[in-house]
Participant: 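Let me give you the structure first, and then I'll get to my questions.
Indexing begins at 1, ligand by ligand and atom by atom, following the structure's order. As a basis for the values below, the full set of heavy atoms in this structure was taken, side chains included, without hydrogen atoms, waters or symmetry mates. Numbers for residues simply follow the sequence, beginning at 1.
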Amino acid sequence: MTAPSNAPRPALPGVNSIFLAGPFMGLVDSATGRMPDAACRPFTVLIEHFEQYGIQVYNAHRREAWGEEVLAPAECTALDQKEIENADVFVAIPGIPPSPGTHIEMGWASVLGKPIVLLMEEGREEEYGYLVRGLGSVATVEFVYVTDIASALADIDAAIRRAVSRLPASA
Ligand code: 5HM
């Protein structure tokens with residue numbers, strides 16, 4: 001019989017890294033060359049939340065200084081694909097209006113077999129593309145309907161746990 005471990009149970013078992021995607025260029029203020037603080041907020045709240053668990057967060061908005069240090073297209077595309085491949089979970093805000101880059105990333109994450117959590121705006125479900133609303137038919141997707149990200153963190157964690165637990169054991 002093995003002795004019980006005193007180590008605390010991780011909040012998100014099996015999750016060491018998360019790729020966080022969402023609208024970027026459409027949110028950059030052309031006057032300042034940077035996303036306004038209110039637009040950064042959902043990302044900073046999520047990054048801080050996951051990092052307090054010790055999870056590594058891949059996020060292009062932070063990497064590219066919220067628009068002030070944007071990488072060349074060929075550079076960020078290759079980097080994002082590699083980071084999604086390396087991540088245990090893919091979390092995305094698809095965006096209204098839709099974020100083109102995030103939609104490409106959702107396609108990569110689904111084909112790579114990643115557990116996916118999509119953060120959708122509450123009450124606006126019908127405004128999302130058919131292939132976003134239908135992604136769960138071809139990939140492991142949990143949808144969370146949110147009005148305010150900071151108030152939805154417990155629901156987002158629960159969705160991540162469900163998505164990870166639904167993956168086949170060999171994945
Ligand atoms: O099309 P949009 O800019 O909204 O695309 C955002 C998504 O593409 C983000 O999830 C981010 O991971 C990626 N992206 C990036 O990494 C996008 C841009 C600009 O389009 C960028 N770096 N410079």
Participant: When rounded to the nearest 0.5 angstrom, what distance separates CD in Gln52 from NE2 in His49?
Facilitator: 6.0 Å
Participant: Applying ring-ring contact (aromatic ring centres under 6.0 Å, His included), can you list everything that pairs with Phe50, at least two apart in sequence or on another chain?
Facilitator: none
Participant: If a pair satisfies salt bridge (Lys or Arg N to Asp or Glu O under 4.0 Å) and one of its residues is in residues 31-44, list it, with sequence neighbours excluded.
Facilitator: Arg34-Glu68
Participant: Quick check: do Glu105 and Phe90 have side-chain heavy atoms less than 4.5 Å from each other?
Facilitator: yes
Participant: Which class fits the ring pair Phe43 and His61: parallel under 30°, tilted 30 to 60°, perpendicular over 60°?
Facilitator: parallel
Participant: Could you check ligand 1 for N or O atoms lying under 3.5 Å from protein N or O atoms and list the pairs with distances?
Facilitator:
| residue | atom | partner | partner atom | Å |
| --- | --- | --- | --- | --- |
| ligand 1 | 1 (O) | Gly101 | N | 2.9 |
| ligand 1 | 3 (O) | Met25 | N | 2.9 |
| ligand 1 | 4 (O) | Phe24 | N | 3.0 |
| ligand 1 | 4 (O) | Ser99 | OG | 2.6 |
| ligand 1 | 5 (O) | Ser99 | OG | 3.4 |
| ligand 1 | 5 (O) | Gly101 | N | 3.4 |
| ligand 1 | 10 (O) | Gly22 | N | 3.1 |
| ligand 1 | 10 (O) | Gly22 | O | 3.4 |
| ligand 1 | 10 (O) | Glu105 | OE1 | 2.6 |
| ligand 1 | 12 (O) | Asp80 | OD2 | 3.4 |
| ligand 1 | 12 (O) | Glu105 | OE1 | 3.4 |
| ligand 1 | 12 (O) | Glu105 | OE2 | 2.6 |
| ligand 1 | 16 (O) | Arg63 | NH2 | 3.1 |
| ligand 1 | 16 (O) | Glu64 | OE2 | 3.4 |
| ligand 1 | 16 (O) | Asp80 | OD1 | 3.3 |
| ligand 1 | 16 (O) | Asp80 | OD2 | 2.4 |
| ligand 1 | 22 (N) | Glu64 | OE1 | 3.3 |
| ligand 1 | 22 (N) | Glu64 | OE2 | 2.8 |
| ligand 1 | 23 (N) | Glu64 | OE1 | 2.7 |

Participant: Identify, with sequence neighbours excluded, every residue that meets side chain to side chain donor-acceptor pair (under 3.5 Å) alongside Glu121.
Facilitator: Arg124
